[in-house]
Amino acid sequence: MEEKLIQQRKEKAKKLLEKGVKLYPNDFKPTHRVGEIWAQYGETSEEELLALKKTFCLAGRIVALRRFGRAAFIHFQDATGKLQAYFKQDVLGKEKYEIFKLLDIGDIIGLCGHLFRTKTGELTLLVEDFRLLTKSLRPLPEKYHGLKDIELRYRQRYLDLIVNPISKKRFLKRTKIIQFVRQFLTDREFLEVETPMMQVIPGGALAKPFETYHNALGITLYLRIAPELYLKRLLVGGFDRVFEINRNFRNEGIDIDHNPEFTMLEFYQAYATYEDLMALTEELIPQLADKVLGTKKITYQGEEIDLTPPWRRVDFRGSLKEIGQVSEEILKDPEATIAYAKKLGAKLRPGEGVGKALAKLFEKLVEPKLIQPTFVVGYPVEVSPLARRNDENPEITDRFELFIAGKEVANGFSELNDPEDQRQRFLQQMEMRKIGDEEAHPIDEDYIVALEYGMPPTAGEGIGIDRLVMILTDAPSIRDVILFPHLRPEK
RNA sequence: GGGCCGUUAACUCAGUUGGUAGAGUAUCGGCCUUUUAAGCCGAGAGUCGCAGGUUCGAGUCCUGCACGGCCCA
């Protein structure tokens, strides 16, 4: 049947060619876009429209078509919106109208005419001339229900964007969010840079990398899991405020919050501490929500979330007790902590310490409960190999994570710039690797050399852009905010 | 990796106890010059995800596989 529908359209294409109509011309220049029409004339009265005597040329895809013999209404849309147009044989002449009759929903046309209002008051273009710009050979999904099949929406995102306005709006918001973040940091004299996506030593995070091979150099390279160590080399180089917004790649499972490639903002500020960055984040995200959504109070999957600062701050260890309901007896005894984590299903290898167990307990018992924006501070050294130790308590780091809607949105810390301590941390990670932790941080001697030249005291932070977009656009899955999420190939 | 659910016309979905596969939209033909999920009349359209099995007979029951979703690890 689909073949038949395509065949019918090809027949029409043939008839159009016979009438001398080009199917794929590229010499039509619109004078306006639909969004401009709405912005300028959305409120203009019928009398004023008639008095305008102005011709508008627009271009877009036909998305609805209602024919009545020798007249018809269509809706067409361009990138900026949708508008109704009225085709009349009286106005167009018989010959031109015969061409119009060969058009289908999905065709892209250019059309020129005057604006008026219909009986019901809808702003409409009375078409005085039109051209076919692109013949569409396949039928679009249904107009009323749109495209619901989740798999098709991901595999053929272009169809999703054509027929599902929510989806289109979400991606427009995504772009605005990234633009705002870029502007916010640039205004504060952060320098946007680009660092390697292909790295010899995949560092800066605890995750499994993708591997690739460079033929000319004859070496294995890894797609980056984070830009961190390169950005900090730039701090050594004297760029004292830098940021990068780009893709990271992690070779792990796909689920509602994870895509193998995802977009990360990382920024570093010299002479700042993790507390300064919490303050900065507390400015950035509410301003962003205001700018893009027009409010600081949002709803995520039915939960009201208030982004108005100040945000709650809790101590990592304290949160386990108060939010995670882990007893003091367990928390004060490393053995008991490890046993409890295992009891709750955490896979801990022999030799893995209490820090890891605490992190697992936190993930399980605390994270899902952090719905309102919450900074958690004071993560164990063991799970923070690049973060500066706390001056009072060397077992924890000057690190925070930000949670909103139960999701980890940001991770920041005062940077470890003591090369000797950094080497020790790397060696400790090597021990983890030896006992089978594939996500342990690899040792990067070249990075230590950079630190030995001296990196200024610095604080750095990463913000997961996809998750931030999810929260701000009420998207249930990360796949809803990534244009082309990864799926298994068909067949 | 494990569990549960889904896959029927181009799209959105029904399909009873195992007994000739349906609707709406879209498409095609007819009427129709202010409709807007236009309307009225008529028509065509299916590898029921794939492969096996049980059965006189399978969209429906069983097994395996593929793809997707959710949950768990």
Side-chain angles (χ1 to χ4, degrees), chain A residues 1-13 15 46 49-50 62-77 82-94 96-98 100-107 113-128 136-160 162-165 252-259 301 341-349 360 363-364 367-368 406 439 475-480 485-491:
Chain A
M1 181 60 191
E2 186 179 22
E3 272 312 308
K4 191 176 162 190
L5 295 173
I6 292 169
Q7 213 44 53
Q8 281 171 348
R9 285 178 176 231
K10 286 185 174 168
E11 293 295 330
K12 287 184 182 175
K15 284 183 189 164
E46 168 75 350
L49 287 175
L50 283 175
I62 300 174
V63 291
L65 185 50
R66 294 176 291 280
R67 300 185 193 270
F68 311 82
R70 284 173 289 280
F73 285 95
I74 70 162
H75 273 99
F76 69 101
Q77 68 185 20
K82 196 192 277 192
L83 187 69
Q84 182 168 257
Y86 187 34
F87 288 74
K88 275 171 96 168
Q89 185 170 289
D90 284 356
V91 174
L92 291 163
K94 187 147 195 251
K96 199 96 195 182
Y97 199 79
E98 288 302 313
F100 169 73
K101 281 160 98 174
L102 290 168
L103 298 186
D104 289 303
I105 290 173
D107 287 351
H114 289 83
L115 288 172
F116 76 106
R117 284 189 187 276
T118 62
K119 273 186 198 165
T120 55
E122 181 167 345
L123 186 64
T124 303
L125 189 78
L126 176 64
V127 179
E128 279 137 23
S136 169
L137 299 176
R138 287 175 182 267
L140 286 178
E142 200 221 15
K143 61 182 172 188
Y144 187 60
H145 297 91
L147 183 62
K148 286 197 167 176
D149 186 311
I150 280 185
E151 191 175 346
L152 283 182
R153 288 179 49 206
Y154 298 154
R155 286 194 199 278
Q156 294 180 281
R157 180 68 87 184
Y158 47 91
L159 294 179
D160 183 39
I162 291 169
V163 304
N164 295 332
E252 54 198 23
I254 296 177
D255 66 30
I256 212 161
D257 287 312
H258 295 86
N259 194 60
Q301 301 296 294
K342 282 183 175 169
K343 190 182 154 200
L344 292 183
K347 281 185 196 156
L348 288 170
R349 295 175 190 81
K360 296 273 188 190
E363 208 174 291
K364 228 178 173 60
E367 253 189 62
E439 296 187 351
S477 166
I478 194 169
R479 297 181 202 85
D480 296 317
H486 287 286
L487 298 179
R488 251 179 239 276
E490 289 174 289
K491 278 180 232 173

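No experiment lies behind these values; they were computed from the predicted model shown. Naming convention: chains lettered A, B, ... in sequence-line order (proteins, then strands); numbering from 1 in each chain.
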Euclidean distance for P, B:G6 against B:U60 (whole angstrom): 13 Å
Length of the line joining A:Leu140:CG and B:U12:C1', which is rounded to integer Å: 15 Å
Partner nucleotide, any strand, of B:U34 [Watson-Crick/G-U, under 3.5 Å]: none
Integer-rounded Å distance: B:A10 C1' and A:Leu147 CG: 11 Å
Flag if over 12 foreign heavy atoms under 6.0 Å of CZ, A:Arg488: no
Pick out the pairs of N or O atoms, protein on one side and nucleotides 70-73 of chain B on the other, that lie under 3.5 Å.
unit_1	atom_1	unit_2	atom_2	d
B:A73	OP1	A:Lys364	NZ	2.5
B:A73	O3'	A:Gly345	O	3.0
B:A73	O2'	A:Lys347	NZ	3.1

Distance, C1' atom - from B:U35 to B:C67, rounded to whole angstrom: 42 Å
Neighbour count >12 (heavy atoms, 6.0 Å) for atom NZ, A:Lys12: yes
Sugar-phosphate only, base, or nothing, as touched by A:Arg67 at under 4.0 Å among non-hydrogen atoms: base
Sugar-phosphate, base or nothing in reach of A:Tyr154, heavy atoms under 4.0 Å: sugar-phosphate
Value in whole Å for how far the P atom of B:U34 lies from NE2 of A:His114: 21 Å
Shortest side-chain distance from A:Lys119, nucleotide among B:C28, B:U35, B:C67: B:U35
A:Phe73 CZ - B:C32 P separation (whole Å): 17 Å
C1'-based separation of B:U16 from B:A73 [nearest Å]: 40 Å
A:Tyr144 or A:Asp149, whichever maps to the more 5' nucleotide of RNA chain B: A:Asp149
Side chain of A:Ala71 (C-beta onward), nearest among B:A45, B:G24, B:U33: B:U33
Mutual orientation of the aromatic rings belonging to A:Phe73 and A:Tyr86 [parallel < 30°, tilted 30-60°, perpendicular > 60°]: parallel
Touch class at under 4.0 angstrom, heavy-atom based, for A:Tyr97 against every strand present: nothing
Under-3.5 Å donor-acceptor pair between A:Glu122 side chain and B:U35 base: no
Side-chain N,O (A:Lys12) to OP1/OP2 (B:C28) below 4.0 Å: yes
Interatomic distance where CG belongs to A:Leu5 and C1' belongs to B:G29 [whole Å]: 15 Å
Within 6.0 angstrom of A:Arg66 CZ, more than 12 heavy atoms from elsewhere: yes
Spacing between A:His145 atom NE2 and B:A37 atom P, to the nearest angstrom: 13 Å
B/S/- contact track for nucleotides 1-6 of chain B, protein heavy atom under 4.0 Å: ------
Counter-base of B:C67, judged by Watson-Crick or G-U geometry with both distances under 3.5 Å: B:G6
Base-pairing assignment for B:G44 (Watson-Crick or G-U wobble, both under 3.5 Å): none
Spacing of A:Glu3 atom CD relative to B:G46 atom C1', expressed in whole Å: 14 Å
Distance-only donor-acceptor test, A:Arg70 side-chain atoms vs B:U33 base atoms, 3.5 Å: no
Gap in Å between the two C1' atoms, one belonging to B:G64 and one to B:G19, rounded: 27 Å
Minimum-distance nucleotide to A:Thr118 side chain [options: B:U33, B:U34, B:U12]: B:U34
Sugar-phosphate, base or nothing in reach of A:Lys148, heavy atoms under 4.0 Å: sugar-phosphate
Phosphate contact (B:G68 OP1 or OP2) by A:Arg488 side-chain N/O below 4.0 Å: yes
Touch class at under 4.0 angstrom, heavy-atom based, for A:Arg155 against every strand present: sugar-phosphate
Selection from B:C11, B:U34, B:U35 that lies nearest to any side-chain heavy atom of A:Arg66: B:U35
Pairing partner (Watson-Crick or G-U wobble, both distances under 3.5 angstrom) of B:C56: B:G19
